[in-house]
Structures are given as structure tokens and as C-alpha cells.
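Structure first, commentary second.
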There are 2 protein chains.
Amino acid sequence: MSRSSGIAIGALSTRTGCNIETIRYYERVGLLPAPARSAGGYRIYEPSHVRRLRFVRRARGLGFTLDEIRTLLDLADGGSGACAEARALAESHLVDVRGKISDLRAMETALAETVRQCDVGRQSRCPVIEALSADD
Amino acid sequence: MSRSSGIAIGALSTRTGCNIETIRYYERVGLLPAPARSAGGYRIYEPSHVRRLRFVRRARGLGFTLDEIRTLLDLADGGSGACAEARALAESHLVDVRGKISDLRAMETALAETVRQCDVGRQSRCPVIEALSADD
DNA sequence: CCTTGAGTCTGTAGTGGCTACAGACTGTAC
DNA sequence: GTACAGTCTGTAGCCACTACAGACTCAAGG
């Protein structure tokens, strides 16, 4: 018996590209179900854990928060009717992402302009510092 | 004597748009020098504090870390020779910002595509969840 | 002078999403 | 049997704040 024995945390880590400490952290905060344990207390992961962790990592890669991912996981497990909710979550997240992009673009413009002024003249004072020190 | 008496932390907060708790935090971590105190222990800020805090807030607005800002402040105080260093700092920060923008744009594309598929078909399964659950 | 109420004080703890230990134990290959 | 990599728990740190509790202070009005 016990033919398919599952894998240890290190193997799960290599397979998913997720740090060991992070895997344990996900378990602690309830994103990954607690796996079975060996006699000596080692975690033993099944293929379902691999799938779940990949889901989490992918969602993190898209910038979803752990809270949002918890919801997505519930929806994925939940079944029907979930699609509209998942879509809404993804859409509102997309709005966030676009907001961040435009914030960063504004930042980029301001920074680039500041740096550019260093090239322009050989002022007595530093344009970078001046820009940050402006009076109004 | 004591004609110009300085302002309290609340007034500094309104003037700079910086949270009171954040002002105290900046003092704690050495970004803002500790001001004089009233007999009762209230912080009394001078115009130099207003300028310094504005500098910090502006730099934060451009996404500099507190550590980078500490350096910028040293450079601003330090005087000559500082310009090249300040410029280098700003430039490397600009590289970071551009990196973040392109990461977010990739995210945006992937998210938008995922959401779009919800519109396309009336699949039995949710494209958002499917995308996150992919096997490879 | 006294009271009221807004302002301020210190200190501590929480946030998110990890990451980094220390010190003890386990599993496995030789 | 023993070496050594892997894993365990628990705690603390990171960044840049934010949010309290409970005590105190200051200015204005009566």
C-alpha cells in the first residue's frame, strides 16, 4: 500500500517556483490546505496542492491580493454562478492596475524631466534637489 | 522676545498634507529633525521643518524610498559635488519605475484578455478561473 | 479662576506579503 | 552508523505607514 506517496515541501517549492517559507506562510493564512504529515512530521503534498499553489502564484503574478485570491479560490471551488463574480473581481482589479500604471507614468514623466534638466545647463545648483525643494 | 513662535504639529500637517502620525514617524526614523518643545511638551515647528517635510513628501510622491530620501537630504544639505550623485539616484529610480510600468502593463494585458474571454463565449466554465488553473 | 473641548503626547500593535533566522529534529545514501 | 541535506516550529524583521488607548496641554468663553 501507499503507492503514491506525495511530495515534500522542497519538491513542491521547485515545482511551483514558490519559496518554502512562502508555502508555509500560505498554509498559515489559509490559502493552502494543511497537507498530511509523515511519521516524523514532514508535510506531504498531493497533486491537488500543486494545482492550488500554482493557482495562487499565477494570481499573485497578476497582482491579486491574498484576500482576492481567497475569494477566487472559493469561486473556483464553488462552481456555478461563480463566473460573474470572478469576472467582476478581475475587472475591478484591472481598474486598480490601470490606476497604478497612470500614477507611475506621471511619476516617470516628472522624474525624467528632472533628470533631463541636469543635462541641459551646468547650473550652479542641482535640478534634482531644486525640484524637490520648490517653495510652493 | 520670542516673536516668531513656530507652529504645532496639526498646523504642520495641514500645511504639508502629511498625516500627523506620519510626521511623528518621520521624526522617529530620522527624516525630520526633532523640533523644540513647548513647556507642556508639544512639538514646535519652524519654517525649516515645513521645507524639509515638503521635500520628503515630494520625493515620496515620486516613489523614492525613505532611504533614498535620506540620501537626497544629505546631498541637499551637503552642497557641491552632490548633483552627480543626486542625478544618479534619480536615474536609477527612473529605471525602477519604468520596470514597474512594464510589469504592470503585462499584467494589464493578461487581465484584460482574461476578462474579455468572458464576453466572447458563453462557456460552461469561467475563463477567469480557467486561466488561473491552467495545467502547465 | 474654572471648565470645556480640541489638540497633542507616548507607547504599542497592526497592516500585507513575505523573508530570515535559530535550534531541533528527520530522512536517506553510503 | 553516520554524515548531511532536508524539514520542523516559532519568532522577529522588512517597508511605510496607520490606529488606537489613555494621559496630558492649551486656548477660549463664562
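Order of the sequence lines fixes the chain letters, A, B, ..., with proteins taken first and strands second; residue numbering starts at 1 for each chain.
Residue S38(B) places at least one side-chain N or O under 4.0 Å from the OP1 or OP2 atom of dC26(D). OP1 and OP2 of dC24(D) both lie 4.0 Å or more from every side-chain N or O belonging to Y42(B). Side-chain nitrogen and oxygen atoms of N19(B) include at least one within less than 4.0 Å of the OP1 or OP2 phosphate oxygen of dT18(D).
For residues 81-90 of chain A, the pairs satisfying side-chain hydrogen bond (donor to acceptor under 3.5 Å, both in side chains) are R87(A)-E91(A), R87(A)-D119(B), with sequence neighbours left out.
Under the 3.5 Å distance criterion, the side-chain polar atoms of H93(B) are left unmatched by any main-chain donor or acceptor of L111(A). Proximity of a side-chain donor or acceptor of R54(A) to a complementary backbone N or O of R15(A) within less than 3.5 Å is detected. Checked by atom type and distance alone, the side chain of R60(B) never pairs as donor or acceptor with a backbone atom of I69(B) at under 3.5 Å. Between the R58(A) side chain and the L132(B) main chain, a donor and an acceptor come within less than 3.5 Å of each other. A side-chain donor-acceptor contact under 3.5 Å links T109(A) to the backbone of R105(A).
With rounding to whole Å, E68(B) atom CD is found 9 Å from dA16(D) atom P. Atoms CZ (R28(B)) and P (dC14(D)) sit 14 Å apart, rounded to a whole Å. In this entry the distance linking CG of L32(B) with C1' of dA16(D) reads 15 Å, nearest Å. We find that CZ of R24(A) is positioned 8 Å from P of dT7(D), with the value rounded to whole Å. Between Y25(B) atom OH and dC14(D) atom P there is a gap of 10 Å when expressed in whole angstrom units. One can place CD1 of I9(A) at 15 Å from C1' of dA5(D), the figure rounded to the nearest angstrom. The CD1 atom of I20(B) sits 13 Å away from the C1' atom of dA19(D) (whole-angstrom rounding).
Two residues, R70(B) and A39(B), neighbour DNA chain D, and the one matched to the more 5' nucleotide by heavy-atom proximity is R70(B). DNA chain D is contacted by both D67(B) and E21(B); D67(B) maps to the nucleotide lying nearer its 5′ end (nearest heavy atom per residue). Of the two residues near DNA chain C, G40(A) and I44(B), the one whose nearest nucleotide lies more 5' is I44(B).
No engagement by F64(A) is indicated, since no non-hydrogen atom pair under 4.0 Å with the nucleic acid exists.
For the side chain to side chain donor-acceptor pair (under 3.5 Å) test, residues two or more places apart in sequence or in another chain that qualify with E113(B) are R116(B), Q117(B).
Chain A approaches DNA chain C over the interval dG17(C) to dG27(C), counting the first and last nucleotide 5' to 3' with an atom under 4.0 Å from its heavy atoms.
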